[in-house]
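Presented below is the structure to which this report refers.
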Protein chains: 2
Amino acid sequence: MGRNRATLADVARRAGLSKTAASMVLNGREGTRLSAEAHQRVFAAAEELGYRPNLAARSLRTRKTATIAFVSDIVATTRFAGDLIRGALDAARERDHVLLITETQGDATFEQYAIEAVLDRQVDGVIYAAMATRRLTVPAAILGGPVVLLNATSPDGLPSVVPDDEGAGRSVAAALLELGHRDAIALIGRNRLKEDDPEVSLAARARLRGIRQTLDEANVSLLAECFCAEWLPEHGYAAMRGLLSKPKRPSAIICMNDRLAFGAYQALGEAGLTVPEDISVISFDDDPIAAWLRPSLATTALPHEQMGRRAVELLLDGGAAEPALVPMPLRRRRSLAPPAA
Amino acid sequence: MGRNRATLADVARRAGLSKTAASMVLNGREGTRLSAEAHQRVFAAAEELGYRPNLAARSLRTRKTATIAFVSDIVATTRFAGDLIRGALDAARERDHVLLITETQGDATFEQYAIEAVLDRQVDGVIYAAMATRRLTVPAAILGGPVVLLNATSPDGLPSVVPDDEGAGRSVAAALLELGHRDAIALIGRNRLKEDDPEVSLAARARLRGIRQTLDEANVSLLAECFCAEWLPEHGYAAMRGLLSKPKRPSAIICMNDRLAFGAYQALGEAGLTVPEDISVISFDDDPIAAWLRPSLATTALPHEQMGRRAVELLLDGGAAEPALVPMPLRRRRSLAPPAA
DNA sequence: AGTGGTCGCTAAACTGATTTAGCAGAGCAT
DNA sequence: ATGCTCTGCTAAATCAGTTTAGCGACCACT
C-alpha cells in the first residue's frame with residue numbers, strides 16, 4: 001500500500017531547503033521567518049512530488065493520529081447503528097479525522113481487547129457508544145484521554161450525547177391531546193426492567209415521564225397501560241389483542257416503540273379495525289418500517305445521525321459537561337386522526 | 001491518550017539486555033540464539049511494566065499497521081451494513097487487526113478524500129464495499145496494495161465476495177415446487193434497470209436466473225411477472241393488488257425482496273386473504289421484518305456477516321481470484337403451504 | 001599456532017516526520 | 001572595532017520501534 005511516496009526530505013531537497021524549513025512551511029507555522037520565496041518553493045516542490053506526509057512518522061513525534069476510536073457494545077443488531085456511525089463519520093471527515101471501529105459485544109474479554117487495540121494505535125479520543133440508550137461505566141483504561149459517551153450516560157459525569165426521550169414523550173402525548181383524544185388513550189410497552197434499571201434503558205423511563213407530565217397537565221389519565229416483556233412486534237400484537245378484548249375500546253394508542261406499533265397494527269388488522277379512523281396510533285423511534293406501514297405510522301425519530309455528529313464535535317471541539325440532549329422530531333403521519341365521534 | 005507507557009528501551013533495561021534482544025524475544029523471532037534465560041527475563045520485564053509496543057513507531061519501520069480500511073459507498077442506508085461490518089470486525093479481531101471505516105456516499109470528492117485518508121494511514125489493505133450487490137470500478141489509487149471487493153465485483157478481476165443470489169433463486173423456486181405449486185406461481189419485482197445494469201444490481205438478474213432455471217427444469221412457467229420501479233413495500237402492495245384483480249389467482253408469490261413481500265402482505269390482508277392458506281409467499285434478503293410479519297415470512301438470507309468475514313480472510317490470508325460466492329440459506333417460515341385444493 | 005565455526009548478544013543505522021537550539025550575515029549604534 | 005538585534009535559515013535531537021552488521025568468547029580441527 002502506497003510504496004515509494006515522496007518524503008519530506010525529498011520535498012526539501014527539491015526546494016533547495018532544509019527539512020526543517022519544509023516542515024514549517026507545510027504546517028503553516030506562524031512566527032517563522034522564512035521568506036515568501038521559500039514558501040513558494042516548498043509548496044511547488046510538494047505539489048510536484050505529490051507529497052503526502054507519513055502519518056505514522058508524524059504521530060510518533062506528535063502523539064496525535066487524527067483518528068477517533070468508535071467503541072460500541074453492539075454495532076450490528078439494531079439498524080440504527082449505521083446512522084450513529086454515519087453521523088460520526090461525517091463530522092470526523094469535516095475535521096480531517098478518521099474513525100477506527102471496534103465492538104465489545106458486551107463481552108469483557110472483547111472489551112479489553114478493543115480498548116488495548118485502540119490505545120495501542122494512540123487514538124486522539126474515544127467515542128463509547130451504546131446501542132440502547134442506557135447508563136454504563138466505562139473501562140478505566142480509556143480515561144487517560146478524551147472520551148465521549150454516545151447514546152449513554154455514565155456515573156462519572158463524562159460528556160455524553162443522548163436523545164431527548166422525555167421531550168419525545170411530551171410531543172407524543174401533546175399530538176394526541178391536540179387531536180382531541182382524552183379519556184381513551186392507552187399505552188403499550190410498560191416494562192419494569194427497562195424503566196427501573198438505567199443500565200438496561202434510560203429511554204423507557206424518560207418517555208413515560210414525558211407522556212405522564214403532558215397528560216397530567218391536561219388533567220388526563222391513561223385508559224390502560226400494557227406491560228410487555230420485550231419491545232418486539234409479537235408483544236405489541238398480544239398487548240393490542242388484550243386491549244381489544246376489554247369493554248372500553250381506546251381511541252388512541254401510544255406504543256413505546258415502532259416495533260410494538262407494528263405488532264399492534266397486526267392485531268388491529270385482524271380485528272377488522274382501521275387506523276386511524278377507529279384508532280389512532282403513535283410511537284417512538286422512526287424505524288424504517290414506520291414509513292412502510294399502511295397507514296404510515298406517526299412517531300418521534302431517534303436522531304441517531306445528529307447524535308453521532310454531536311459526539312465527534314464534543315470530543316474534538318470540547319463542550320459542556322451535562323449530557324447533550326438531542327431533540328427527537330415528531331413525524332406526523334397517517335396514523336393520527338381525531339377520535340371517532 | 002495513554003501517556004507514560006513503558007517503551008521497549010524500558011523493558012530492555014529492566015531485563016538487563018539490549019533493545020535488539022528485547023525486540024527479538026517479544027516478536028518471537030526464529031533463529032535468534034538468545035538463551036532461554038534471556039527470553040525469560042524479557043517476558044518478565046515486559047509483563048511487570050505492562051509493556052505494549054507503540055504501533056506508530058513499529059509501522060514507521062515495518063510499513064505494517066495491522067489496520068484494514070473498510071471503504072463503502074453508503075454505510076447507513078441499509079440495515080445490512082451493520083452485519084457486513086460486524087463480520088469483518090470479528091475476522092479482523094481474530095487476526096489482530098482493526099478496521100478503519102470511511103464512506104464515499106457515492107461522491108467522487110468524498111471518495112478521493114477517503115482514499116487519501118486511508119492511504120496516509122498506511123493501511124495494510126482495503127475492503128471496498130457496496131451496499132447493494134453490484135459491479136463497480138475501484139479508484140486506481142488503492143490498487144497499490146491488497147484490495148478485496150465486498151458485495152461487489154469489478155471488471156479488473158479483483159478478489160471479491162458476493163452472495164449466491166442465483167443459488168437463492170433456485171432454493172426459492174425449489175421450495176415452492178416441493179410443496180406442489182406449479183402453474184400458479186407469480187413473481188413480484190421484475191425491474192429492467194436492476195436486471196440489465198450490473199452497476200446498479202447484480203442480484204436481480206442472478207435471482208431471476210436461478211428461479212427460471214429451476215422452474216424450467218420442472219417444466220413450469222410463471223403465471224405472472226410484475227414489474228416494480230423500486231423494491232419497496234408500496235410497490236409490492238401495488239403489484240399484489242394488480243395480481244389479485246386478475247381472473248386467475250396465484251397459489252404462490254415470489255417477491256424479489258422482503259420489503260416487496262411486506263407490501264404484498266398488506267394487499268393480501270386488505271383483500272381478506274390468508275397467508276399461507278390462500279397464498280404462499282417467499283422472498284429474498286431475510287430483513288428483520290421477515291421474522292416479524294404475521295405469519296413469519298419464508299425467505300433466503302443475505303449472509304452479510306459471513307461475507308464481511310470472508311472479505312477479511314481473503315484480504316489477509318489470500319485466496320482465489322474468482323468471486324467467492326457465499327450461500328444464501330433458506331429460512332423456512334410460516335408463509336409456505338401446499339396450494340389450496 | 002592458526003583457522004573456522006558457533007553461540008549469545010549488542011551497537012548503530014534506519015523509518016519520516018517535528019522541534020529545539022543556534023548559526024551566519026546584515027544593519028545599525030556606539 | 002565592538003556589541004547588539006534582527007533576519008533567514010539549518011543541524012541535530014527526538015519519537016519508539018526493527019533490522020543489519022558484527023563483536024568477543026569459546027570450541028574443534030588441522
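To find a chain, count down the sequence lines: A is the first, B the second, and so on, and within it residues start at 1. All values below come from the heavy atoms of this structure, side chains included, with hydrogens, waters and symmetry mates left out.
To the nearest angstrom, P of dT19(C) lies 12 Å from CG of Leu60(A). If you measure from atom CZ of Arg63(B) to atom P of dC14(C), you get 14 Å, rounded to the nearest angstrom. Counting to the nearest Å, the P atom of dC6(D) and the CG atom of Leu34(A) are 18 Å from each other. Here dT14(D) presents its C1' atom at 13 Å from CG of Asn54(B), a figure rounded to the nearest Å. The distance between atom CD of Glu37(A) and atom P of dC9(D), rounded to the nearest whole Å, is 8 Å. Atoms CG (Asp10(A)) and C1' (dT15(C)) sit 13 Å apart, rounded to a whole Å. With rounding to whole Å, Lys19(A) atom NZ is found 10 Å from dA11(D) atom P. Between Leu55(B) atom CG and dG17(D) atom P there is a gap of 9 Å when expressed in whole angstrom units.
Between Arg29(B) and dT19(D) there is a side-chain polar atom (N or O) within less than 4.0 angstrom of OP1 or OP2. The phosphate of dC9(C) has OP1 or OP2 within less than 4.0 Å of a side-chain N or O from Ser35(B). OP1 or OP2 of dT18(C) sits under 4.0 Å from a side-chain N or O of Arg58(A). For the OP1/OP2 pair of dT18(C) and a distance below 4.0 Å, the side-chain nitrogens and oxygens of Ser23(A) include at least one atom meeting the criterion. In this structure, Ser59(A) does not reach the dA17(C) phosphate: none of its side-chain N or O atoms is under 4.0 Å from OP1 or OP2. Remark: Ser18(B) is in phosphate contact with dT10(C), judged by side-chain N or O atoms under 4.0 Å from OP1 or OP2.
Side-chain atoms of Ser201(B) and Arg134(B), non-hydrogen and from C-beta on, never get closer than 4.5 Å to each other. Annotation: side chain of Met24(A) is in contact with side chain of Leu34(A) (closest heavy-atom distance under 4.5 Å).
For Arg61(B) against dT18(D), a side-chain N or O and a base N or O form a donor-acceptor pair under 3.5 Å. Applying the 3.5 Å distance criterion, the base of dT18(D) shares no donor-acceptor pair with the side chain of Thr20(B). With hydrogens and angles ignored, no donor-acceptor pair closer than 3.5 Å exists between the side chain of Thr62(A) and the base of dA17(C).
Among the heavy atoms of the strands, none lies under 4.0 Å from Ala56(B).
With the nearest nucleotide of DNA chain C identified for both Arg33(A) and Asn27(A), Asn27(A) has the one nearer the 5' end. The residue among Leu8(A) and Met24(A) whose nearest nucleotide of DNA chain C is located toward the 5' end is Leu8(A).
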Gln105(A) vs Asp90(B), test: side chain to side chain donor-acceptor pair (under 3.5 Å). Steps then yes/no. CA-CA 10 Å; Gln105(A) 296 183 20; Asp90(B) 278 355; 2.9 Å; yes
Start with the C-alpha distance between Asp96(A) and Tyr113(B), add both sets of side-chain angles, then the distance that settles side chain to side chain donor-acceptor pair (under 3.5 Å), and finish with yes or no. CA-CA 9 Å; Asp96(A) 256 299; Tyr113(B) 178 88; 2.9 Å; yes
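Enclosure of atom CZ in Arg310(A) is not indicated, since only 12 or fewer non-hydrogen atoms of other residues, nucleotides or ligands lie within 6.0 angstrom.
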